[in-house]
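Just so it is clear: chains get the letters A, B, ... in the order the sequence lines come, proteins before strands, and each one is counted from 1.
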Amino acid sequence: MDDLNQVLRARREKLAALKARGIEPFAYNFDCTHRAAEASAIFEQADAAGTLGEDGEGEATRIGGRIVAWRSHGKSAFAHVEDASGRIQLYFKKDMLGDESFADLDLLDLGDWIGVEGPLFRTRTGEVTVRVRTWTLLAKSLRPLPFGKVETDPETGERRVHSGFADTESRYRQRYADLAVNPDVREVFRTRARIISELRSFMDGEGFLEVETPVLQPLYGGASARPFMTTHNALERTMFLRIADELYLKRLIVGGMDRVYEISKDFRNEGIDRFHNPEFTMLEWYQAFADYEDQMDLVERLLVHVVRSVKGTDSFVFGDHEIAIRSPFPRIKLVDALSEALSEDVSDMPEGELRRRAEKLSIPELAGAGRGKLVDKLFGELVEPSLIQPTFVLDHPRELSPLAKPKRGEPRLTERFEMYMAGVEIFNAFSELNDPLDQRERFEAQGRLRAEGDEEAQQVDEDYIRAMEYGMPPTGGVGMGVDRLVMLLTNQASIRDVILFPVLRGDE
RNA sequence: GCCUCGCUAGCUCAACUGGCUAGAGCAACUGACUCUUAAUCAGUAGGUUCGGGGUUCGAGUCCCUGGCGGGGCACCA
């Protein structure tokens, strides 16, 4: 207790005083009749309909919330409480509450949870307010929340927060405090939930079956990435956290489940930046009898559906850009886009020339890069940042896509697309490779890359090849970065702002 | 992993070129106030300046080192 600062100490003293007065500081429940926003709305309706009482009072309500502002005036006090719906003003008056209950208000603090009961009325300045008849302490706050002060501009109604809680690191580490004092942050995560819900209902509506495949895997695959490893004690074996759902979902296609999808966390043991968190949420789906052309149509319909449902329009603002979701989206071939950027056809450009171009742009880490990798690097440098409006980029080099079918008529390429918005890759899809002999060769080529030190190259998955040998129908598959879509639709600059508890270093 | 910027009271921020006892607002505490809303007014208290080491008569400030975070690069979705 000695090492607590005065602020924490004052609250513990109030806690003791409350107990001494026979007030339970941590209640078991509270029977609310309304949320704050509903109560205000009901009052406004009654007022408009002229059904308020003669004293201008509306119906009695019970509201539970956290005290976020307090203004005491001697024998009366105003406060705001906030619940999940918003905030509402409270008016405490000594002759309404009685001496004892009014005196006990001195033991409340910002951050306390209370329940109040009383009729609604409108103050002289027009704000719908609860005239508190009785109040109950629901939970004492023993640590001050970093509330700012909210100023509402009387003319524009605009809310400005003074001081507040801005330190990025503290906000991520103590997300509970961030959520408690920043309603905007709560809104971002409400939108995130809506987006995921709309993704589900869209996939369900298209006849896809939601499935769950292993997070903990004996082999990992389906993407180029380093995995997290762990150990199963009883089995005495190394297990991997999945880097993609792909290989299991396609086993289900082999099994005859012709449309499947999964929304789940994947884990990649790589760097962290504003577009990457080590654990992130992916939507993957696989559709039998379809190819990547069909998947472009599906992606377009999915985006239109989600953006309309969540934003109410066909466009949204991200940073400096207004992104319009109007299908069909432009479809450009990777090689053509790059040729245009270089003002020279790259389809037959020798590897040495590609390398010289990349070196001229001082693109780093070119050592050991083959043709495909060079094309990819150049594309990332020259074209990707300019893909602001939704754009499909088609037909990636074969060596970069070991799970995709060869492009019809152009066997050095694959039937693959990535979809970009705001310069960010959101979707990745292929006509799925369903020839088990070709698949084995691709895995073996990956194995050679691995032997040369490419830690991200895939391993041979014999069981996956066995599944394919039973017969896999032609299939279109798509992966989507859910967090990134949420970033775009909530206009958040960092993936950490759309993940409740992003990965940070320890602070011990 | 590399480059770069940052870390000062519970919160948001000051402190010039190294120089008095590290300041302010909010929050807290004491008092006044029965329609306020960034309530107001009077007063009080609150600091390991991220940790460790060094230079100096003197370090929040300069140097070394470590930690954490932001941004960029690399890797990647």
Using a 3.5 Å limit for the pairing distances, which stems of at least 3 consecutive Watson-Crick or G-U wobble pairs does RNA chain B take part in?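 As far as RNA chain B goes, consecutive pairing (with distances under 3.5 Å) yields the stems B:1-7 with B:67-73, B:10-13 with B:23-26, B:28-32 with B:40-44, B:50-54 with B:62-66.
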Base, sugar-phosphate, or nothing for [X], non-hydrogen atoms under 4.0 angstrom?
X: S72(A); value: base
X: F147(A); value: nothing
X: D273(A); value: base
X: Y420(A); value: nothing
X: E418(A); value: nothing
X: A166(A); value: sugar-phosphate
X: K93(A); value: base
X: G271(A); value: base

For F78(A) and A39(B), do the ring centres fall under 5.5 Å apart while the planes stay under 30° apart?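 Whether judged by distance or by angle, F78(A) falls short somewhere, so it does not stack on the base of A39(B).
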Name the residue closer to the 5' end of RNA chain B, choosing between T152(A) and E384(A) according to the nucleotide with the nearest heavy atom.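 The residue mapped nearer the 5' terminus is T152(A).
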Inter-nucleotide C1' distance (A15(B), G31(B)), Å rounded: 32 Å
Using the P atom as the point on both nucleotides, what is the distance between U44(B) and A39(B), in whole Å?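 Between the two P atoms, the distance is 23 Å.
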Nucleotide nearest [X] (side chain, heavy atoms from C-beta), chosen from [options]:
X: R173(A); options: A27(B), C33(B), C68(B); result: C68(B)
X: P144(A); options: G10(B), U36(B), A38(B); result: G10(B)
X: V7(A); options: C29(B), A27(B), G69(B); result: A27(B)
X: L110(A); options: C35(B), G72(B), A27(B); result: A27(B)

May I have the distance from F165(A) (atom CZ) to A38(B) (atom C1'), rounded to whole angstrom? 20 Å
Could you walk me through whether H321(A) and M421(A) pass the side-chain contact (heavy atoms from CB on, under 4.5 Å) test, one step at a time? CA-CA 10 Å; H321(A) 303 294; M421(A) 287 190 279; over 6 Å; no
Can you tell me if the side-chain N/O atoms of [X] get under 4.0 Å from OP1 or OP2 in [N]?
X: K14(A); N: C29(B); result: yes
X: R171(A); N: G69(B); result: no
X: K75(A); N: A32(B); result: no

What closest approach, in Å, do D83(A) and A36(A) show between heavy atoms, and which atom pair accounts for it? OD2-N, 2.7 Å
Could you tabulate the donor-acceptor pairs under 3.5 Å formed by side-chain atoms of residues 221-230 of chain A, not counting sequence neighbours?
none

